[in-house]
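Atoms within a ligand are numbered from 1 in the order they appear, just like the ligands themselves.
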Amino acid sequence: MDAIGRLVHFGALLKQPICAPAARDALKYLRATGRPVLSANAAQANLKISGRSIASVSTYGCQAEHCGRATKLGRPRFTASPASLIFVQRETPFEPHPRSTPSCIPRRTFASTSSSRCSTIIPSSIMADRDILPATVKPSHYALSISALDFNSWTYHGKVTIDAEVTEPTKEIIINTLELKLAAAKITVTQNKSSQTYETTSFSYNERKQRATLVFADEIPASQQTSLEITFEGILNNDMAGFYRSKYKPVVPAAKSVPRDEDFHYMFSTQFESCDARRAFPCFDEPRLKATFDFEIEIPDDQVVLSNMPVKSTTPTVQGRQMVAFERTPVMSTYLLAWAVGDFEYVEAFTERRYNGKQIPVRVYTTRGLKEQGRWALEHAPKTIDLFSESFGIDYPLPKSDLLAVHEFTHGAMENWGLVTYRTTAVLFDPKTSDAQFKRRIAYVVAHELAHQWFGNLVTMDWWDELWLNESFATWAGWYAVDQFHPDWQVWATFLTDGMESAFALDSIRASHPIHVPVKDALDVNQIFDAISYLKGCSTLRMLVNHLGTKDFLKGVAIYLNKHAYGNAKTEALWAGLAESSGVDVDALMGNWIKKIGFPMLTVAEEPGQITVKQSRFLSTGDVKPEEDETVWWVPLGLQGKAGTQDVQTIALTAKEDTIRDVDNDFYKLNHNGTGFYRTNYPPARLAKLGSQLDKLTVDDKTSIIGSAAALARSGYGTTPALLSFLESFSGETSQVVWAQALDSLNAVKSIFNDDGAIKAGLEKFTLKLINDAVETVGWEPKGDEGFLVGLLRKRLLLSAVANNHPNSLDKGAQLFDTWSKDGTGLNPSLRSVVYRAGVKTDPAKAFDVLKKEWATSTSPDGKDFALAAVGHIRDENLINNKVIPFLFNMSSDSVASADMHSLGAVLSGNSAARPLLWKFFQDNYDLATKKMANPIVLDRFIRVTLNKFTDAKYLDEIDAFFRGKDTSAFDRTLEQVKDVVRGRAAYRQRDAAAIKEWLAANQYIS
Ligand SMILES: [Zn+2]
């Protein structure tokens, strides 16, 4: 028996869940001793212990039915299992814990049921079991009917009939529900052509698990043909999950029946991923339990309803209402079902390719008056469908494709099959008022969601632990499509700065997680919709694509999709498809990238004519321990500079260390075009030399090398002076992507040392000298057909100029702000961030009022975003406390919507004057904040972007003290991550302050 086999479940042995405080204690111990813990704060922790200690634990551990701690105090001793990553050894007795204060209090509201859910402690080395529904019932088809939408009480009636197989005799059926009132249920069983109906006698709810048990008086026999019918009542909530309402201000008069109040009109749509289909109707809500769906809904007859499939029939019901039924969906997972009701209009185009002889209609839907803003998305969606149909070797499977702009939305978009829903800024573009950067975002998000129509919808991950498979692929395919349509946009180089750097940042802290992460409870999956699942996953896929070649990669994808169409699959199945197409053992190359935490840094040592390359795990704190550094990754070296050839060598490092001979002493580089997911640590003299050989480097190379140099400086493997010296060589740069990376890196340094007046002034001077010529060259006025990236470069350089107090730019910006605030003219929409910033710097009080008005009245799709970001830069403490923070947190109609709170929150916390004020307000008004951010995804994101900017270790204690005793289960992983980030920032500040000052003085940036 192996070590893991000897482990037993604490909870299971006790026949009781372990209480949350006990789990927390255990957890604290694990963290204090540096043991990796993936998820915390559990009321149902699976603490793994060795068999020997069972007796003492069962005597002294949690035995109470609810959340009691030990009934007798004792000295429980959990002993270690040598091979497991998790163990607890306690010498002190548990503190008694009153039974009346369980930390998981299920309540029947959105906020509490979601945020009080209990996660599970899972050692990263062990694939935990899945906590899933019993296998007794296997659904195959749903007929769902929704009626009586009530716009006063925000409720509706529903009836669902589920065809299913009952695999063994049972007296109860367990099904997922949340916030639904079940009225009646019956099951009709057909056997040997005769049918019998069983009525339910009672329902019981497990709120925490979001399940209902339907209890029957008689035993239901096993049968392949049963039909379960449930009637229920649901809520049209306003928390952006389930079937929910979105408020908006109409731009033209709306249809008569549209619900409205003094401030807003309302539209309705669904958001079911990951676990919220159960919030709209009772269902077996797991990705593996695929079924077909017939959907119908009764709506006011002057409104429009959309669903996954085209409309089948429309039948009048009561006065002014009609029942609209849709064609049957293909077999699919519950989280992909969708519908929307509102005062919608659309623009339409068709695919060029024919599918079963027909071109597929593609429509962008908006609320009335906005449809023309859907044109840019519409330009891309049909050709993306054609591209993917060809690239993936399988036709788009549905008869239509709709895109819908939703006014309140948690994420960027959701890939519902045939009806993709979007945050407005991810799909709407107005050439007269939008910032040009949204062209790229929209083209990308549209392609990302369309990629899911195959990858995710047609072939679905087996369980949520494979989330990465969906998201990484869609991210890769999204950029792949944009690159095909707009090769001049250099999107893969941009991915280095916008995508890969975020993945590096998260993956270089201890609290990161492997790409493939165990998910026992589906309710825990929210927290892994993060930079690892999307961006590290995409980066590693891209590394693989670069190795296999795009053609073989896509061929392998086609094999995978065709083999598993309408089914579910795991990572290994994709590897098998790729192995078949390429003949490469993909699993061997990718295994550690997917299963292990972190990524390598390559340290290069030079000798004449050869280099030695050593891989070791990179941590931003620079303090990796031997036991954290055991992974040997497959690292494609992308070496250019082998003596006698210009070619890039396709050699890979597959050991900890290796020596490469015949290397050109004058010029060589590793990681060609930055396609490898690793940092390169050159000897200082080599980095300096590369700074003098920029003509030999591609845009991608320069971007990648700057990124590495900055990360090495932050972690202490390199130095900030080395980074600054290297950056000095870029003053003649012309590439927008390279500038973006250089200025990002510089900003990251500034954000650490912003409260040190001398360093701040020195870095400002440094920045202005660096960008001066480029700012002059690019100017304020667009020049004819200058290209997409030049426009972005202008914005980036001018923003940096204004932020660093470049006198001419600041004057010009302030003047433009003044004119615009008077008559609303003279503003290039792509330079709003620059002009707003100048306005805020010059007269913050006036700028706040002007920008708040702009936020309230702007008709530009991105108008709110830019106004919010700009007011986040206000540094006047009175204004921050009395205007900006209330604007962010108030619940009134003239304050920031919860879906947008992270936009302002992130900028405020990056502002050293506002950061402590924001933190204080958040602590003092936590109830208000969590009430406003009732959706756990919104709260988790807000915490992630606002608590990670501190540069003093004292805040770690403050964060701990504040959250002690609070239920943090909805963001426990995030909390550990932000603390790790703060640790790194604090260490950096302490380590490098003197050296930076010295360098700035020696180079005349500080007088
Ligand atoms: Zn996605």
Sphere of radius 2.8 Å around the Zn ion (ligand 1) - protein N, O or S atoms inside: H448 NE2, H452 NE2, E471 OE1
Side-chain donor-acceptor contact under 3.5 Å, T675 with W492: no
Under a 4.0 Å N-O cut-off, is there an ion pair linking [X] with [Y]?
| X | Y | answer |
| --- | --- | --- |
| K383 | E352 | no |
| E286 | R130 | no |
| R279 | E179 | yes |

Among H564, E466, M461, side-chain contact (heavy atoms from CB on, under 4.5 Å) partner for K570: E466
S389: partners by side-chain hydrogen bond (donor to acceptor under 3.5 Å, both in side chains), with sequence neighbours left out: Y355
